[in-house]
Amino acid sequence: MSYRAPIADILFAMIHEAGLDLGPKDGIYADLGDGLAEATLTEAGKFAENVLSPLNRIGDKEGAKFEAGRVTAAPGFAEAYRQWTAGGWNAITGPSAYGGMGLPALLNTACIEIWSAANMAFSLCPLLTLAAIEAVQSHASEALKAVYLAKLVSGEWTGTMNLTEPQAGSDLGALKTRAERRQDGTYKLFGSKIFITYGEHDLAENIVHFVLARLPDAPKRTRGISLFLVPKFLVDANGALGARNDVHCISLEHKLGIHASPTCTMVYGDHGGATGFLVGEENKGLACMFTMMNSGRLNVGVQGVAIAERAFQQALAYAKERRQGHVPGDMGEAMTPIVQHPGVARMLMTMKAMTAAARAICLMTAGSIDRSRREKDQAARQLAAERASLLTPVAKAFSTDIGNQAASLGIQVHGGMGYIEETGAAQFLRDVRIAAIYEGTNGIQEIDLVQRKLGLSEGAAVHREIADMRAAVGALRKVNADGFGEMEPCLGEAVDALERATAFMLDASTTRQNDALAGATPYLRLFAVARGGTALARGALAAHRLFLTGNSDSALPARIATARFFAENIAAGAGSLAREVTRGAGSVHAGAAVLGK
């Protein structure tokens, strides 16, 4: 089935579920007024549907190829990338001083969903470049900005993140890639990195690697890591490409999915040392790299939303066409479309509701990032930055978990046909599986949430978020509308459960850290269920208001039904999640003791 960009759903989620006002000329989204957001998403949808989506299956079957140190993209990808840069898509959020449009992260986040749903393997390349742009803009010297930033913003050059090494994995303190100072102010790098997405390819004329390495006199562990910009081709003072740098891809990984995205093993310094340029200060590179990582984490979360949406679209279309058996009361001779079977309807509604909740959380996160940069008042910017920090691990982990869950359910809806590659349903599961692993595994996101983010402003940030959820429940309580069902009590109980679990976590994080870590996984899911459910409730309230004013949009009843399903069938399990958080640590520790023997 062909992909169709859900532009109306995204816009509705922006405005009514994430609560972002795109209208006022004096607001932070003044540049998205006069229909710009809708027009941009419409054009992004056309590019996704007409250019990227047709290449998705080709990329999966053909993949990127490695031969004699060269990586060749899957058929059609190089031309698609040329169209991508020519259309200015890489420059949406780029700084205007370097050729970018300077538009909000919110708009780009919505575009990323559309492109990733159409072709996740393709979208990974520009997503890494976006993260590279943020690192250069935030931490690089003016000289490096002058040489590299405009080319990255345009997409003429692409960027990568080089963190992982075989012995280190997620423990960056164990990395061994080393850097040596040179008298001219540059550095020579020696070492290797694994799992480098788009570390080598033929889409762009230069690749700019951002590499973590350690100086000889650096402090131990993460306090002694520096960040270096290492281009594939060296660049002269006029911006022209020069000699090939001593950085090379020596192999591609053979992966479960995203076959068209080359995952490279990179080697630095086999021929005298790769020339690198310091980004930020020596031994403070991890903070610079986290600028890239935080950008990447939200975008990876959006990829989870994207694949969930794509899997849902295909499963729904199949369920409407596939006929099998009869539902009770159906006395006709023809078999019933399986979409009418309650068990199939439950799977489809789970996919739809989870996708909508994850989308709302990601858009809330993007909106907070924009406010942290665009609000006029410093105090407002600080509050927004705290909210973005709090929501980022939730957006990344929950959304990628949902991507995996929805893709798996999509196969189940297809039955045996879903397990056969020709239908395409299996590719979604294979492609999205990595999203819960890279940019910091979801387990790392859970630890980040409970150990670092809950304590922001001594817990004030999370309590503000819970208060916002309570406000949504309170608004539901005032409306006795047909079709709302048990939405209000179910969501009220979910927020209560979150508040109990949060109190436990804030205490355990300082007094019983192992107990806090044992409950981190159910806590993040509980947080996301309460946050996503209350966001969908706001959307349901907005749909109800629009209906009362005579709006004839046929999607309004579906938005209410989706919010109700989430509340009554997903958020209703919040109490069990809270119990796992507050009373499940003992069994986790006991299990670990048994497993460790």
Closest contact, heavy atoms only, [X] versus [Y]:
| X | Y | value |
| --- | --- | --- |
| T85 | G155 | CG2-O, 3.6 Å |
| A80 | V51 | CB-CG1, 3.8 Å |
| A407 | V432 | CB-CG1, 4.1 Å |
| Q445 | E439 | NE2-O, 3.3 Å |
| L227 | C288 | CD2-CB, 3.5 Å |
| Y81 | A204 | CE2-CB, 4.3 Å |

Side chains of [X] and [Y], heavy atoms from C-beta outward: is any pair under 4.5 Å?
| X | Y | answer |
| --- | --- | --- |
| I258 | K255 | yes |
| L298 | K396 | no |
| M120 | I307 | yes |
| S53 | N119 | no |
| R433 | N404 | yes |
| F210 | V136 | yes |
| V153 | N90 | no |
| Y198 | S261 | yes |

Whether the side chain of [X] engages the backbone of [Y] through a donor-acceptor N/O pair (distance < 3.5 Å, no angle test) should be reported.
| X | Y | value |
| --- | --- | --- |
| T129 | G159 | yes |
| H209 | V211 | no |
| E49 | S2 | no |
| R214 | K176 | no |
| D246 | H271 | yes |
| N238 | A240 | no |
| T423 | I420 | yes |

Let me see the working for R57 and E62 under salt bridge (charged side-chain N to carboxylate O under 4.0 Å, His left out), right down to the final yes or no.
CA-CA 9 Å; R57 185 69 175 150; E62 299 292 334; over 6 Å; no
Would you compute the distance between atom [atom1] of [X] and atom [atom2] of [Y] and round it to the nearest 0.5 angstrom?
| X | Y | atom1 | atom2 | result |
| --- | --- | --- | --- | --- |
| N50 | Q83 | CG | CD | 10.0 Å |
| L212 | T164 | CG | OG1 | 9.0 Å |
| I196 | E253 | CD1 | CD | 10.0 Å |
| I10 | L106 | CD1 | CG | 10.5 Å |

Please assess T93 against M101 for the test side-chain contact (heavy atoms from CB on, under 4.5 Å), listing each intermediate value before the final yes or no.
CA-CA 6 Å; T93 56; M101 302 177 194; over 6 Å; no
Check: Would R181 and E282 pass as an ion pair if we require N to O under 4.0 Å?
Finding: yes
Notebook entry, point to check: Do E156 and K151 meet the salt-bridge criterion of a basic N to acidic O distance under 4.0 Å?
Noted result: yes
Establish, from distance only, whether the side-chain atoms of [X] and [Y] form a donor-acceptor pair under 3.5 Å.
| X | Y | result |
| --- | --- | --- |
| D370 | Y29 | yes |
| T400 | N442 | yes |
| N162 | T160 | yes |

Determine, step by step, whether K193 and E165 satisfy the salt bridge (charged side-chain N to carboxylate O under 4.0 Å, His left out) criterion, reporting the C-alpha distance in whole Å, the side-chain angles of both residues, the deciding distance to 0.1 Å, and the verdict. CA-CA 5 Å; K193 301 284 184 178; E165 298 177 10; 2.9 Å; yes
So side-chain hydrogen bond (donor to acceptor under 3.5 Å, both in side chains) across residues 354-368, not counting sequence neighbours, yields E113-R359, E309-R359
For residues 121-135, the salt bridge (charged side-chain N to carboxylate O under 4.0 Å, His left out) pairs (sequence neighbours left out) are E134-R373
With [X], which residues qualify under salt bridge (charged side-chain N to carboxylate O under 4.0 Å, His left out), at least two apart?
| X | answer |
| --- | --- |
| K284 | E281 |
| E43 | K46 |
| K232 | E200 |

By ring-ring contact (aromatic ring centres under 6.0 Å, His included), F12 pairs with (sequence neighbours left out) H16
Sorted by chain and number, sequence neighbours left out, ring-ring contact (aromatic ring centres under 6.0 Å, His included) with W115 holds for W84, W89
Under 3.5 Å donor-acceptor pairs involving side-chain atoms of residues 66-75, not counting sequence neighbours:
none

| said: Pair T350, L409 - check side-chain contact (heavy atoms from CB on, under 4.5 Å), show working. | reply: CA-CA 9 Å; T350 299; L409 283 171; 3.9 Å; yes
*Go through the steps to decide whether E180 and K188 satisfy the test salt bridge (charged side-chain N to carboxylate O under 4.0 Å, His left out), and finish with yes or no.*
CA-CA 5 Å; E180 297 177 357; K188 291 291 184 182; over 6 Å; no
side-chain contact (heavy atoms from CB on, under 4.5 Å) filter on L316, not counting sequence neighbours, yields F312, K320, V339, L348
Residue set satisfying side chain to side chain donor-acceptor pair (under 3.5 Å) with D431, at least two apart, ordered chain then number -> Q427
For H259, the side chain to side chain donor-acceptor pair (under 3.5 Å) test, sequence neighbours excluded, returns D60
Here the ring-ring contact (aromatic ring centres under 6.0 Å, His included) pairs for residues 404-423, sequence neighbours left out, are Y318-H414
Of I207, V230, L189, V235, the one forming a side-chain contact (heavy atoms from CB on, under 4.5 Å) with N245 is V230
Inset, instruction - State whether the number of non-hydrogen atoms from other residues, nucleotides or ligands found under 6.0 Å of D270 atom CG is greater than 12. - result: yes
task: Test L278 against S226 for side-chain contact (heavy atoms from CB on, under 4.5 Å), laying out the working first.
output: CA-CA 7 Å; L278 183 68; S226 300; 4.1 Å; yes
Review point. For F190, is the NZ or CZ atom of R178 found under 6.0 angstrom from the centre of its six-membered ring and inside 45 degrees of the ring axis?
Key: yes
| task | For the pair F277 and Y148, evaluate side-chain contact (heavy atoms from CB on, under 4.5 Å) and give the outcome as yes or no after the intermediate values. | result | CA-CA 12 Å; F277 305 88; Y148 291 94; 4.0 Å; yes
